[in-house]
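Structure, as structure tokens:
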There are 2 protein chains.
Amino acid sequence: MDRRVPKKGDDDASGKERPTLKTLAFMTGLGVTTVSRALKDAPEIGAETRRRVQLVAKQIGYRPNRAGVRLRTGKTNVISLVLNTEHELMSFVSDIIYGVTEVIADTPYHLIVTPYSRSQDPLDPVRYLVETGSADGVIISRTQPNDPRARYMLERGIPFATHGRTDMGLVHPYHDFDNYAFAGEAVRYLAGRGRSRLALVTPPLGLTYYGHTVNGFADALSEVGASEVPFNTVSIDQSIEQIRTRTAQLMRRKDRPDGFVSSAAAATLAIVAGIEDAGLKLGRDVDVVSKQSSELLHLFRRELLVVNENFRLAGSELARAVLGWIGGADPGSLQSLSTPSEVLPYRG
Amino acid sequence: MDRRVPKKGDDDASGKERPTLKTLAFMTGLGVTTVSRALKDAPEIGAETRRRVQLVAKQIGYRPNRAGVRLRTGKTNVISLVLNTEHELMSFVSDIIYGVTEVIADTPYHLIVTPYSRSQDPLDPVRYLVETGSADGVIISRTQPNDPRARYMLERGIPFATHGRTDMGLVHPYHDFDNYAFAGEAVRYLAGRGRSRLALVTPPLGLTYYGHTVNGFADALSEVGASEVPFNTVSIDQSIEQIRTRTAQLMRRKDRPDGFVSSAAAATLAIVAGIEDAGLKLGRDVDVVSKQSSELLHLFRRELLVVNENFRLAGSELARAVLGWIGGADPGSLQSLSTPSEVLPYRG
DNA sequence: TTGGCAATCTGTAACGTTTCAGTATATTGA
DNA sequence: TCAATATACTGAAACGTTACAGATTGCCAA
């Protein structure tokens with residue numbers, strides 16, 4: 001019997017079906033292999049053939065099938081951004097995402113967001129990504145001096161970039177904001193305004209930039225001859241309420257600080273509320289220098305002194321770094337440090 | 001000659017290689033097909049075999065290869081969140097993302113973020129997703145009454161959910177905040193405090209919830225017998241500076257409003273700044289009711305009156321809706337509307 | 001005994017891509 | 001002239017999965 005099952009690309013290239021290499025091969029009269037190679041500018045394809053194939057491909061809107069490529073080559077064309085989803089005012093997360101997408105916009109890469117919650121081991125999502133081969137590159141944040149995730153990925157040879165540096169004697173791409181410089185500038189600025197008893201609202205304890213910030217603060221303190229008012233019970237990933245209450249407590253003591261350096265805008269809102277709860281006035285009784293990632297603090301209180309940190313830039317740099325590493329660049333050359341702006345008072 | 005190329009899964013299951021169905025087949029002594037069917041609880045597999053296969057699979061940590069599944073079935077196990085990346089204070093974006101990831105966490109789905117910029121046609125990213133078959137489901141925001149993206153996806157039969165409703169007589173899943181109720185409540189609350197000349201800071205003009213908000217505002221105005229002070233030159237996706245300047249201008253006129261209803265927290269910061277630029281005092285000269293998505297407005301000014309909108313919830317609902325549609329549920333049953341909280345003054 | 005049928009299991013092909021190992025034709029060197 | 005070699009192209013196999021169309025077995029009714 002002649003009953004023959006008609007195969008997919010058998011006849012014409014008319015249909016609504018998405019074009020594949022087979023479609024292109026049929027249209028150009030070439031073999032699938034040749035088409036494949038022509039599209040990626042392989043050397044052993046004639047110049048004219050190459051142009052012809054590429055023209056036709058463009059005309060009919062050929063797009064390589066990601067699943068096909070991924071199955072065959074293992075290349076996913078995916079970058080994963082690993083995020084902790086249990087923090088309060090993470091408005092900067094969208095900035096990072098936008099920064100990343102900006103860079104990968106004209107590449108074949110997709111961005112996937114891989115979440116983990118506080119209760120989990122931060123290594124979990126990374127392990128998942130690596131074990132399932134779900135991404136060609138990974139971006140992590142909340143970096144620690146001795147970061148198991150970085151170590152893990154380094155061991156498996158999977159490209160990644162960290163937001164923040166590590167301190168393990170291992171080299172890998174990163175982007176960081178110079179928090180040492182930030183804290184130093186803040187202290188010097190406050191000293192310049194006659195403030196001499198300063199408190200620091202630190203980053204989360206385990207993270208690398210905690211150390212940078214604390215050191216920058218301490219070094220500048222001794223440089224300008226100011227003193228520190230310990231405020232160790234507070235860090236920026238505590239709740240607004242906690243920070244507010246503790247600040248109010250602190251400000252009701254006689255040995256209260258006359259200046260604050262705050263590592264995050266959200267915490268600063270709470271600090272100011274606490275200061276005012278204690279009946280004191282910003283700018284008169286106490287000055288506050290804060291980092292911010294969007295221009296909102298000056299709307300909040302004009303007396304605030306701000307330093308801008310650009311998270312969109314961070315996202316872009318991190319994406320560039322991962323792509324660079326994937327592309328074979330030297331990891332050591334993919335490190336960048338962002339210098340803080342000056343301390344900015346409200347510009348009338 | 002006996003030179004035989006050794007194939008991958010030929011011998012043992014020892015290696016570091018990631019286990020595949022072939023590995024499982026070898027270990028269980030079954031055929032690949034049987035293993036495949038056993039893992040998805042197909043009926044024609046013996047109960048004991050099924051258990052055995054699933055046990056072994058769990059033991060060795062088998063994870064289906066996404067590329068293989070996707071190539072064979074067309075199922076991507078991907079949800080795409082389509083975002084406009086050119087707006088100012090989009091802090092709620094991270095909330096939506098977290099809400100989505102919460103829901104898909106214990107599913108095989110990954111979340112990809114697909115950006116588009118203001119200059120582009122909003123249909124572009126959606127077209128890309130559909131044409132390349134890059135996602136099983138799509139979530140869009142900035143929904144319009146007559147939304148080409150919804151229409152497009154409806155035509156192609158690709159599951160999606162919109163953040164905000166459409167008004168095309170077509171049924172599809174959505175999640176929306178009841179902005180009609182919000183604006184109404186806000187007006188009534190202000191009227192209750194003796195305010196009678198109210199201005200509305202609207203959502204962006206083309207979006208569906210612009211209409212809902214405007215109608216809720218207007219209907220409540222006539223209900224309570226208050227009047228509107230037109231403020232059409234301003235909407236919430238303008239820049240902070242523009243809103244601030246125009247508010248200040250408005251507040252310097254003799255026929256200025258004594259109450260504002262604001263559709264977004266970021267705009268509210270600018271409104272308050274404008275009010276104060278004009279030398280007026282919040283709570284005395286004018287009251288402002290504002291939506292907010294995080295608890296920051298009361299830190300900003302205690303006199304503000306807030307209504308909370310939960311974007312994390314929106315993300316979860318949207319994800320649930322898309323997954324439901326993908327799972328074959330009736331699109332009409334996947335619509336939800338979130339009721340605003342009461343108007344909340346600062347709770348001492 | 002035989003035929004029919006349900007219950008289980010299996011091999012093959014296909015999804016779209018790239019790599020491997022070629023083949024056919026033209027070009028070169030002596 | 002012949003072989004060697006470069007040029008331009010090609011089919012088959014493989015990545016891991018699922019769907020299709022059987023194959024094998026045991027059991028029961030006739």
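Reminder, nothing fancy here: chain letters follow the sequence lines and each chain counts from 1. Because the structure is predicted, anything quoted here is derived from the model rather than measured.
- For the residue pair Val126(A) and Ile140(A), the shortest heavy atom distance occurs at CG2-CG2, 4.2 Å.
- We find that CG of Asn77(A) is positioned 14 Å from C1' of dG16(C), with the value rounded to whole Å.
- Scanning both residues, Ile104(B) and Thr107(B), for their nearest heavy atoms gives O-OG1, 2.8 Å.
- Between the CZ atom of Arg63(A) and the C1' atom of dT17(C) there is a distance of 17 Å, rounded to whole Å.
- Residue Ser36(A) has its side chain nearest to dT18(C) when only dT17(C), dT17(D), dT18(C) are considered.
- Contact annotation: the side chain of Tyr174(A) never approaches that of Glu317(A) to less than 4.5 Å [non-hydrogen atoms, C-beta and beyond].
- Computed from coordinates, the Asn65(B) CG to dG16(C) C1' distance equals 14 Å when rounded to whole Å.
- Rounded to an integer number of Å, the gap from Arg72(B) CZ to dT17(C) C1' is 16 Å.
- Taking atom NZ of residue Lys22(A) and atom C1' of nucleotide dA12(D), one finds them 13 Å apart after rounding to whole Å.
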Problem set entry | Summary of protein contacts for nucleotides 4-11 of chain C, nucleotide by nucleotide, where a base hit scores B, a sugar-phosphate-only hit scores S (4.0 Å, heavy atoms) | ----BSBB
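- At whole-Å resolution of the value, CZ in Phe26(B) and P in dG16(D) are 16 Å apart.
- The nearest whole Å value for the distance from the CZ atom in Arg51(A) to the P atom in dA8(D) is 12 Å.
- Two residues are said to be in side-chain contact when any heavy atoms from C-beta on lie closer than 4.5 Å; Arg70(A) and Asn65(B) fail this criterion.
- Residue Leu71(B) has its side chain nearest to dC15(C) when only dC15(C), dT17(C), dC15(D) are considered.
- Classification of the Phe160(B)-Trp325(B) ring pair by plane angle, with boundaries at 30° and 60°, yields tilted.
- With salt bridges taken as basic N to acidic carboxylate O contacts below 4.0 Å, none links Arg63(B) and Glu131(A).
- Put simply, the side chain of Thr132(B) gets close to the backbone of Tyr128(B): a donor and an acceptor are under 3.5 Å apart.
- Distances from the side chain of Thr73(B) to the nucleotides dT17(C), dT18(D), dC15(D) place dT18(D) closest.
- Phosphate contact (OP1/OP2 of dT18(D), side-chain N/O of Lys40(B), threshold under 4.0 Å): present.
- Atom P of nucleotide dG16(D) and atom NZ of Lys75(A) are separated by 19 Å, given to the nearest angstrom.
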